[in-house]
Undergrad: 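Quick one: the structure is below, and I'll ask about it shortly.
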There are 2 protein chains.
Amino acid sequence: MDHEALKTGEVAARAGVNIQTLRYYERRGLLEEPSRRPSGYREYPAEAVRIVRFIKRAQELGFTLREIQELLRLRESEKASCAQVRSAAQAKIDDIDHKLASLKAMRRALGVLVASCRSDGSVRQCPILEAIDEKEARS
Amino acid sequence: MDHEALKTGEVAARAGVNIQTLRYYERRGLLEEPSRRPSGYREYPAEAVRIVRFIKRAQELGFTLREIQELLRLRESEKASCAQVRSAAQAKIDDIDHKLASLKAMRRALGVLVASCRSDGSVRQCPILEAIDEKEARS
DNA sequence: CTTGACTCGGTACGTAGGTACAGGCTGCAC
DNA sequence: GTGCAGCCTGTACCTACGTACCGAGTCAAG
């Protein structure tokens, strides 16, 4: 089993991240502190690569490192239930739905503004700037 | 015209921002450096309140401070054309569309995961964790 | 045994947008 | 004329996620 020990650079290369990132994850508590050689060199188990990849994929799904830390905790725990994971995923969905709604509102508002601005004049009559500027005069 | 001079706290209150925020905007170059009393107190024109409100509304539309700085520059400039403003707005729309697409992809993926996880078992068989974990085994 | 690549810890920097102190003046109402 | 609210500068801190650099020690191939 000892032949599976990986050095920092090897883990980084296999997981496709920077070495500093590994140390950062370790500081954050996402990556367990690995054992060390007498020289201080870290010796990672092969599992570490899987964990880093897990982190990266969870990030792509929108989870923050804090949330991923919790997912990893659940993953390790024997007692954790699948329902807890599902609830974390659902919370993230709700989160994303909020962001989507907010972005869509922005998009809509900007679309209206751009559509209102068909003139080629100076900024003096720019409907877009006026709209941002004088919104309070409208109510 | 002198009776319109506002102190920092007054501008902040009328624009609904923190005093530090005004100084931050000044450092960033969004807010022109106001004149000073002999004591060093800032004396803002009433216009400053309008500018800060402009900034806040532009932020709500998704513009960054850097972009807003450019919008303010256009607003001040006599030579600037409405088309430049429109193009900034369109660029921001494209920006938002990218973010929307990315968020929707996340949302879809998470939706599939949550739907796949109907079990109430332990995390050992959690389809969500497995999906994040073993994605590379699928290809 | 040398040499070049690798690793170590610690710290600083980067983005984006602020917020919070500390310590010291100023302005004004009573 | 005094007391306290308000303002001044400068600096540090916050979230989130890393990156970069430094000087020093280590590993392994030739």
Side-chain angles (χ1 to χ4, degrees), chain A residues 2-3 5-31 33-44 48 51-72 92 95-96 99 102 106, chain B residues 2-3 5-31 33-44 48 51-72 92 95-96 99 102 106:
Chain A
D2 245 338
H3 67 279
L6 300 171
K7 284 192 286 184
T8 307
E10 291 167 333
V11 174
R14 295 190 192 190
V17 300
N18 196 308
I19 288 179
Q20 332 286 56
T21 303
L22 290 182
R23 309 216 290 116
Y24 177 66
Y25 287 170
E26 187 178 321
R27 276 207 304 285
R28 291 276 311 237
L30 282 110
L31 225 43
E33 295 195 20
S35 56
R36 303 286 188 122
R37 291 197 204 178
S39 65
Y41 277 34
R42 289 170 178 79
E43 291 196 301
Y44 288 100
I51 293 177
V52 176
R53 287 187 181 151
F54 181 96
I55 294 170
K56 284 302 174 190
R57 282 196 221 97
Q59 279 188 311
E60 285 168 17
L61 289 172
F63 290 102
T64 66
L65 289 186
R66 184 181 301 272
E67 290 157 351
I68 293 168
Q69 188 165 7
E70 178 63 13
L71 289 179
L72 286 170
K92 181 50 62 182
D95 218 45
I96 290 174
K99 283 191 189 134
S102 161
M106 286 182 196
Chain B
D2 243 339
H3 67 279
L6 299 171
K7 285 191 284 185
T8 307
E10 290 167 334
V11 174
R14 294 191 194 189
V17 301
N18 195 306
I19 289 179
Q20 331 286 54
T21 303
L22 290 182
R23 308 218 291 113
Y24 177 67
Y25 289 169
E26 189 178 317
R27 276 205 305 284
R28 289 276 311 234
L30 282 109
L31 226 42
E33 296 195 19
S35 56
R36 305 285 189 123
R37 292 197 206 178
S39 65
Y41 277 34
R42 289 170 177 81
E43 290 195 302
Y44 290 99
I51 293 177
V52 176
R53 286 186 183 152
F54 181 96
I55 294 170
K56 283 305 175 189
R57 281 195 221 96
Q59 279 187 311
E60 285 169 16
L61 289 172
F63 291 101
T64 66
L65 289 186
R66 183 180 301 269
E67 290 157 349
I68 293 167
Q69 189 165 7
E70 178 63 12
L71 288 180
L72 286 170
K92 181 50 62 182
D95 217 46
I96 289 174
K99 282 191 190 135
S102 160
M106 285 182 197

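Proteins get letters first, then strands, A, B, ... in listed order; numbering begins at 1 in each.
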Undergrad: Could you measure the distance from the CD atom of B:Q69 to the CG atom of B:L71? Nearest 0.5 Å is fine.
TA: 10.5 Å
Undergrad: Using every non-hydrogen atom in the two residues, find where B:E43 and B:A5 come nearest and quote the distance to one decimal.
TA: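 That closest heavy-atom pairing would be OE2-CB, 4.0 Å.
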Undergrad: Would you mind reading off the distance between A:I55 atom CD1 and D:dG18 atom C1', rounded to a whole angstrom?
TA: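 Result: 13 Å.
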Undergrad: Write down the protein N/O and nucleotide N/O pairs, taken from nucleotides 26-30 of chain C, whose separation is under 3.5 Å; answer none if there are no such pairs.
TA:
{"residue": "C:dT26", "atom": "O2", "partner": "B:Y41", "partner atom": "OH", "Å": "3.4"}
{"residue": "C:dG27", "atom": "OP1", "partner": "B:S39", "partner atom": "OG", "Å": "3.0"}

Undergrad: If I compare all heavy atoms of A:L22 with all of A:Y44, which pair ends up nearest, and what's the gap?
TA: CB-OH, 4.3 Å
Undergrad: Specify the separation, in whole Å, of atom CD1 of A:I19 and atom P of C:dG9.
TA: 12 Å
Undergrad: In whole angstrom, give the distance that lies between atom OH of A:Y24 and atom P of D:dA16.
TA: 9 Å
Undergrad: Taking OP1 and OP2 of D:dA16, is either one under 4.0 Å from a side-chain nitrogen or oxygen of A:Q59?
TA: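 Result: no.
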Undergrad: How is A:R42 classified with respect to the nucleic acid when contacts are heavy atoms under 4.0 Å: base, sugar-phosphate, or nothing?
TA: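 If one applies the 4.0 Å heavy-atom cut-off, A:R42 turns out to touch the sugar-phosphate alone, with no base involved.
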Undergrad: Expressed in angstrom and rounded to an integer, what is the separation of A:Q69 atom CD from D:dA16 atom C1'?
TA: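 After rounding, the gap between these two atoms is 13 Å.
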Undergrad: Can you tell me the distance, in whole Å, between the CZ atom of B:R28 and the C1' atom of C:dT19?
TA: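 Taking CZ of B:R28 and C1' of C:dT19, I get 15 Å after rounding.
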Undergrad: Pair B:L65, B:Y24 - check side chain to side chain contact (heavy atoms under 4.5 Å, CB included), show working.
TA: CA-CA 11 Å; B:L65 289 186; B:Y24 177 67; 3.7 Å; yes
Undergrad: Rounding to a whole Å, what distance do you find between B:E26:CD and D:dC8:P?
TA: 9 Å
Undergrad: So which atom in B:I19 and which in B:A12 form the shortest heavy-atom distance, rounded to 0.1 Å?
TA: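 Scanning both residues, the minimum pair turns out to be CG1-CB, 3.8 Å.
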Undergrad: Locate the shortest heavy-atom distance separating A:L30 from A:I68; write the atom from each residue and the value.
TA: CD2-CG2, 3.9 Å
Undergrad: A:K7 and A:Y41: which non-hydrogen atoms are nearest, and at how many Å?
TA: CD-CD2, 4.0 Å
Undergrad: Ignoring backbone atoms, establish whether B:Y25 has a side-chain N or O less than 4.0 Å from OP1 or OP2 of C:dG18.
TA: yes
Undergrad: Could you tell me the separation between the CZ atom of B:R27 and the P atom of D:dT11, rounded to a whole number of Å?
TA: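 The distance from CZ of B:R27 to P of D:dT11 comes to 11 Å, rounded to the nearest Å.
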Undergrad: Let me spell it out: for each of B:R23 and B:R66, pick the nucleotide of DNA chain C with the closest heavy atom. Which residue's pick is nearer the 5' end?
TA: B:R66
Undergrad: Among D:dT19, C:dA20, C:dG17, which nucleotide sits nearest the side chain of B:Q20?
TA: C:dA20
Undergrad: Rounding to a whole Å, what distance do you find between A:L22:CG and C:dC6:P?
TA: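 The distance from CG of A:L22 to P of C:dC6 comes to 15 Å, rounded to the nearest Å.
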Undergrad: Using the side chain to side chain donor-acceptor pair (under 3.5 Å) criterion, which residues pair with A:E67? Sequence neighbours excluded.
TA: A:T64, A:K92
Undergrad: Is it the case that the side chain of A:R42 and the backbone of A:E33 share a donor-acceptor pair, with hydrogens and angles ignored and the cut-off at 3.5 Å?
TA: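 No, A:R42 side chain to A:E33 backbone: no donor-acceptor pair under 3.5 Å.
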Undergrad: Picking from C:dG18, D:dC17, D:dG10, which would you name as closest to the side chain of B:K56?
TA: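 Closest nucleotide to the B:K56 side chain: C:dG18.
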Undergrad: Should the heavy atoms of other residues, nucleotides or ligands under 6.0 Å from CZ of B:R66 be counted, would the total exceed 12?
TA: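 Open.
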Undergrad: Using a 4.0 Å cut-off on heavy atoms, which residues in residues 8-18 of chain A reach DNA chain D? List them by number, or say none.
TA: A:N18
Undergrad: Closest to the B:R36 side chain: C:dC8, C:dT19, D:dC8?
TA: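 Looking only at side-chain atoms, B:R36 lies closest to D:dC8.
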